[in-house]
Amino acid sequence: MERVNNTLWTVFILTGIPYPLRLRTLFFVFFLLIYILTQLGNLLILITVWADPRLHARPMYIFLGVLSVVDMGISSIIVPRLMMNFTLGVKSIPFGGCVAQLYFYHFLGSTQCFLYTLMAYDRYLAICQPLRYPVLMTAKLSALLVAGAWVAGSIHGALQAILTFRLPYCGPNQVDYFFCDIPAVLRLACADTTVNEMVTFVDIGVVVASCFFLILLSYIQIIQAILRIHTADGRRRAFSTCGAHVTVVTAYYVPCAFIYLRPETNSPLDGAAALFPTAITPFLNPLIYTLRNQEVKLALKTMLRSPRTMSEV
């Protein structure tokens with residue numbers, strides 16, 4: 001907790017989220033399991049998509065593989081630091097570490113936002129224009145769209161990090177949160193944060209609102225197309241294909257809107273809401289996309305049978 005020239009802090013203290021002390025060990029083990037299962041689940045999806053030629057040649061599974069990489073990154077940035085909240089001692093983070101955590105969280109978080117939009121557009125083309133789908137959504141185009149999502153995400157993360165940490169931090173150094181995020185860090189700045197708050201609201205608001213609007217528009221068209229399917233089995237399979245995407249999009253956008261797109265408050269609910277995009281959604285993604293996707297389940301079964309088959313030869 002030293003200062004530079006007695007004015008600027010070189011470390012921050014993360015206060016974490018409030019919890020009953022008697023449940024410290026339980027919470028630590030719980031989030032440790034969440035982290036391990038998140039990494040293993042997303043890694044399994046990555047390996048499955050890469051190993052099955054039928055999957056890694058299709059745009060939807062290219063997006064899914066990249067989403068797994070993003071989920072592993074977000075979980076690694078946030079959850080280990082969250083687990084420290086349930087240990088003894090002061091939870092300090094260097095100034096540079098705080099900058100890096102905020103940048104990478106918003107970089108990967110906005111990239112995830114763009115990926116959800118691309119996946120909705122891909123489902124729209126596959127269901128509403130199935131005959132033109134192979135022409136409209138090629139592997140080359142999907143790779144370019146993914147690259148664009150990475151670039152846009154990195155620009156968004158850099159903008160937020162630069163705007164946040166250009167301010168002087170010479171007052172209290174306790175971040176009332178379990179990781180370095182914009183609203184919690186800005187409260188500690190010893191300067192006017194009006195411009196930062198406005199830019200953050202507009203920037204994140206534009207990203208979240210535009211992506212959500214495009215996803216909503218895609219699914220309105222998808223639902224209309226599904227309702228025109230004559231067979232009940234066809235409608236069921238189409239709804240099943242899109243149901244997983246709707247579930248994770250809801251779990252991602254609602255907490256983000258609650259945290260960033262409302263008047264500044266210091267509510268304990270902020271920490272609870274932030275657990276969804278940082279810990280819960282990355283954990284649920286591989287479960288939802290595996291359990292509700294017949295092609296992924298089939299590829300998994302094939303991959304798990306292959307070593308056994310080879311050993312019998």
Side-chain angles (χ1 to χ4, degrees), residues 11-21 23-47 64-113 115-116 153 157 160-161 174-185 247-256 258-260 268-290:
V11 299
F12 290 112
I13 305 298
L14 298 174
T15 62
I17 53 178
Y19 65 94
L21 291 179
L23 299 179
R24 172 186 290 142
T25 302
L26 177 63
F27 281 132
F28 181 87
V29 173
F30 173 76
F31 283 106
L32 176 62
L33 288 175
I34 287 286
Y35 178 69
I36 293 173
L37 293 174
T38 297
Q39 300 303 308
L40 291 178
N42 283 288
L43 183 61
L44 183 60
I45 285 184
L46 263 180
I47 294 173
L64 183 57
V66 176
L67 180 63
S68 293
V69 174
V70 171
D71 282 336
M72 293 170 71
I74 291 177
S75 179
S76 297
I77 292 166
I78 303 298
V79 178
R81 179 61 63 171
L82 170 62
M83 290 163 53
M84 292 180 61
N85 183 53
F86 308 112
T87 60
L88 299 174
V90 177
K91 289 77 176 179
S92 63
I93 181 172
F95 185 87
C98 193
V99 175
Q101 189 179 55
L102 188 146
Y103 165 73
F104 281 106
Y105 172 65
H106 282 273
F107 163 34
L108 295 175
S110 56
T111 302
Q112 186 177 50
C113 181
L115 281 172
Y116 285 145
Q160 294 301 331
Q174 289 192 341
V175 180
D176 191 19
Y177 219 48
F178 61 91
F179 72 103
C180 289
D181 199 13
I182 298 169
V185 172
T247 302
V248 295
V249 164
T250 302
Y252 176 81
Y253 278 101
V254 172
C256 287
F258 177 80
I259 295 169
Y260 299 107
L269 293 177
D270 288 351
L275 288 176
F276 281 88
T278 58
I280 305 302
T281 302
F283 166 70
L284 290 178
N285 275 345
L287 292 176
I288 291 173
Y289 281 109
T290 301

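For this chain, numbers begin at 1 and follow the sequence in order.
Counting heavy atoms from C-beta on, the side chains of I182 and Q160 come closer than 4.5 Å. Put simply, the side chain of L82 reaches to within 4.5 Å of the side chain of I17, judged on heavy atoms. Between R24 and T87 the shortest side-chain heavy-atom distance does not fall below 4.5 Å. Put simply, the side chain of L14 does not reach to within 4.5 Å of the side chain of F178, judged on heavy atoms. Counting only heavy atoms from C-beta outward, the side chains of C256 and F276 never approach each other to under 4.5 Å. Residues T15 and K91 fail the side-chain proximity criterion, which asks for heavy atoms closer than 4.5 Å. Side-chain contact check for Y19 versus N85: some heavy-atom pair is nearer than 4.5 Å. A 4.5 Å side-chain heavy-atom check between L275 and F31 finds at least one atom pair inside the cut-off.
How far CG of L46 is from CD of Q39: 10.5 Å, rounded to the nearest 0.5 Å. If you take CD1 on I78 and CD1 on I74, they are separated by 8.0 Å, rounding to the nearest 0.5 Å. Rounding to the nearest 0.5 Å gives a distance of 11.0 Å between CG of L284 and CG of L37. Rounding to the nearest 0.5 Å places CD of Q112 at 5.5 Å from CG of L67. One finds the CG atom of N42 at 11.0 Å from the CD1 atom of I47 (value rounded to the nearest 0.5 Å).
Sulfur atoms SG of C98 and C180 are positioned under 2.5 Å apart.
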(Q) Is there a side-chain contact (heavy atoms from CB on, under 4.5 Å) between S68 and N285? Walk through the geometry before answering. (A) CA-CA 8 Å; S68 293; N285 275 345; over 6 Å; no
Q) Does the side-chain contact (heavy atoms from CB on, under 4.5 Å) test come out yes or no for V79 and T38, once each step is laid out? A) CA-CA 10 Å; V79 178; T38 297; over 6 Å; no
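Using a 3.5 Å distance cut-off with no hydrogens or angles, the side chains of Y105 and T278 do not pair a donor with an acceptor.
Checked against the 6.0 Å centroid criterion, the rings of F179 and Y177 qualify as a close aromatic pair. Separation of the Y252 and Y116 ring centroids falls under the 6.0 Å cut-off.
Of the candidates F30, F27, F28, F27 is the only one forming a ring pair (Phe, Tyr, Trp, His ring centres under 6.0 Å) with F86. None of L64, V66, D71 except one satisfies the side-chain contact (heavy atoms from CB on, under 4.5 Å) rule with L115; the exception is V66.
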